[in-house]
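Here's the structure we're looking at; comments come further down.
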Amino acid sequence: MKADLLSMFPQELEDLTLSLGQPKYRGTQIFEGLYRGIRDIDQFTSLPKAFKAVLSENAFIPTATIKRKLVSQIDGTVKYLFQLHDGETVESVFMQYKHGNTMCISTQVGCRMGCAFCASTKAGLVRSLYPSEMLLQILEAQRDLDKRVSNIVLMGMGEPLDNYDNVIKFLRLVNQEKGLNIGLRHISLSTCGLVDKIDRLADENLPVTLSVSLHAPNDEKRKRTMPIANKYSIKELLAACNRFINKTGRRISFEYALISGENDSVDDAKELGLLLGGMLCHVNLIPVNPIKEKNFKRSEKNAIKVFTETLETYKINVTVRRKLGADINASCGQLRAEETNN
Ligand code: SAH
């Protein structure tokens, strides 16, 4: 199998060039060229012709091309559908915030977690993405918009911790000084709660923010929308979150999609408050984004307000997610579904 150059660390590229009979610094030249936008081995003007031929026999550069692009007229949010080398497609969203440009990227084509409210999982998992394919979503958006991305959220299609090794490598690559050089503290990783992987992540020494999709105040309700709740109880999940907090010293962010009549009552808020009160955490309320096949309705404005205020009485830091790109259906999974008729 040919080596995927964009999924490699500078050190690995140096080892590759050495193994192909070239000095180490060729590896650095390749690394830097990739981040300047080279997507074809022939385009490396700094490399000798004969070496480029050998390199092409042993390695390739993956690509992501823009298949569709939607630009919000309201807030400048841009949604991309990227086509990968094998024809599969993934979605990414570019958002402008005061604190910087944020890219929401996908980590898998499809997803096998099966959450009832989520558009990305309807057709199951097709395949996981390589580190290069996560990087490309950022690199190609930056190039297309001529803007720099300073923050990343792994909240697009897929379950990042179900593609563990590739995601960890991506995080280390994105942080390379001569690459994108994005600080790990500016990256959020969102998971539906794979307990064993949360424990592994805590040991990686990567100061990213962990977001945990909770979406229910008890196991019974959580099982109704999130199959992962059959594998791990909320108690086990929160124990892993506490271990993560103790190890990393970092605050966890809990995602809670408010679904009208399902998980948005005052009693739900109180139960959630009791669960999370005293934890080093933050709760992010997301009025659910209705998807075609399911009848989930977003909570009423007043219900959101009461829910927020109730949670705050437990001294929990709460925010309601601001909706960006409302006119372009910016939540992940829906554009690809449209395209593939899934
Ligand atoms: N698999 C990861 C990350 C991808 S989803 C996870 O489960 O966290 C990113 C966030 O969007 C998750 O909190 C997910 O539960 C939420 N989400 C998915 N579909 C949604 C919808 N229709 N409305 C609101 N939030 C949704």
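Counting starts at 1 for both ligands and their atoms, in listed order.
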Using atom types as modelled, flag every donor-acceptor pair under 3.5 Å from a side chain in residues 153-160 to any protein atom, sequence neighbours excluded.
{"unit_1": "Glu159", "atom_1": "OE1", "unit_2": "Cys192", "atom_2": "N", "d": "2.9"}
{"unit_1": "Glu159", "atom_1": "OE2", "unit_2": "Leu161", "atom_2": "N", "d": "3.0"}
{"unit_1": "Glu159", "atom_1": "OE2", "unit_2": "Thr191", "atom_2": "OG1", "d": "2.8"}

Within the distance-only criterion (no hydrogens, no angle test), does the side chain of Arg143 pair as donor or acceptor with the backbone N or O of Gly37 below 3.5 angstrom? yes

Distance-only, no hydrogens or angles: does the Asn166 side chain make a donor-acceptor pair with backbone N or O of Leu129 under 3.5 Å? yes

Does Gly156 come within less than 4.0 Å of ligand 1, judged by its heavy atoms?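 Right, Gly156 reaches ligand 1.
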
Taking only non-hydrogen atoms of His215, do any sit less than 4.0 angstrom from ligand 1?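 It does, in that a heavy atom of His215 comes within the 4.0 Å cut-off of ligand 1.
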
Between Phe44 and Phe51, ring centroids under 6.0 Å: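 Here the rings of Phe51 and Phe44 have centres that are no less than 6.0 Å from each other.
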
Quick check on contacts: which atoms of ligand 1 are under 4.0 angstrom from a heavy atom of Cys118? 18 (C), 19 (N)

Closer than 4.0 Å to some heavy atom of Asn289 - which atoms of ligand 1 meet that? 21 (C), 22 (N), 23 (N), 24 (C)

Short N/O distance, under 3.5 Å, between Phe117 and ligand 1?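 Yes - when backbone and side-chain N and O of Phe117 are compared with those of ligand 1, one distance drops under 3.5 Å.
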
Just distance, no hydrogens or angles: give the donor-acceptor pairs under 3.5 Å from side chains in residues 265-276, sequence neighbours left out.
{"unit_1": "Ser265", "atom_1": "OG", "unit_2": "Asp267", "atom_2": "N", "d": "3.4"}
{"unit_1": "Ser265", "atom_1": "OG", "unit_2": "Asp268", "atom_2": "N", "d": "3.0"}
{"unit_1": "Ser265", "atom_1": "OG", "unit_2": "Asp268", "atom_2": "OD2", "d": "3.0"}
{"unit_1": "Asp268", "atom_1": "OD1", "unit_2": "Lys221", "atom_2": "NZ", "d": "2.9"}
{"unit_1": "Asp268", "atom_1": "OD2", "unit_2": "Lys221", "atom_2": "NZ", "d": "3.3"}
{"unit_1": "Asp268", "atom_1": "OD2", "unit_2": "Asp264", "atom_2": "N", "d": "3.1"}
{"unit_1": "Asp268", "atom_1": "OD2", "unit_2": "Ser265", "atom_2": "N", "d": "3.0"}
{"unit_1": "Glu271", "atom_1": "OE1", "unit_2": "Asn218", "atom_2": "ND2", "d": "3.1"}
{"unit_1": "Glu271", "atom_1": "OE2", "unit_2": "Asn218", "atom_2": "ND2", "d": "3.1"}

Which option out of Cys192, Gly158, Ser253, Cys111 puts a heavy atom nearest to atom 1 (N) of ligand 1? Gly158

Under 4.0 Å from ligand 1, counting heavy atoms only, is it the side chain of Val212, its backbone, both or neither? neither

Given that the side chain starts at C-beta and the backbone is N, CA, C, O, which of these parts of Glu255 lies under 4.0 Å from ligand 1, counting heavy atoms, or is it both or neither? side chain

Row check, Tyr130 ring normal vs Lys169 NZ/CZ: under 6.0 Å, within 45°: no

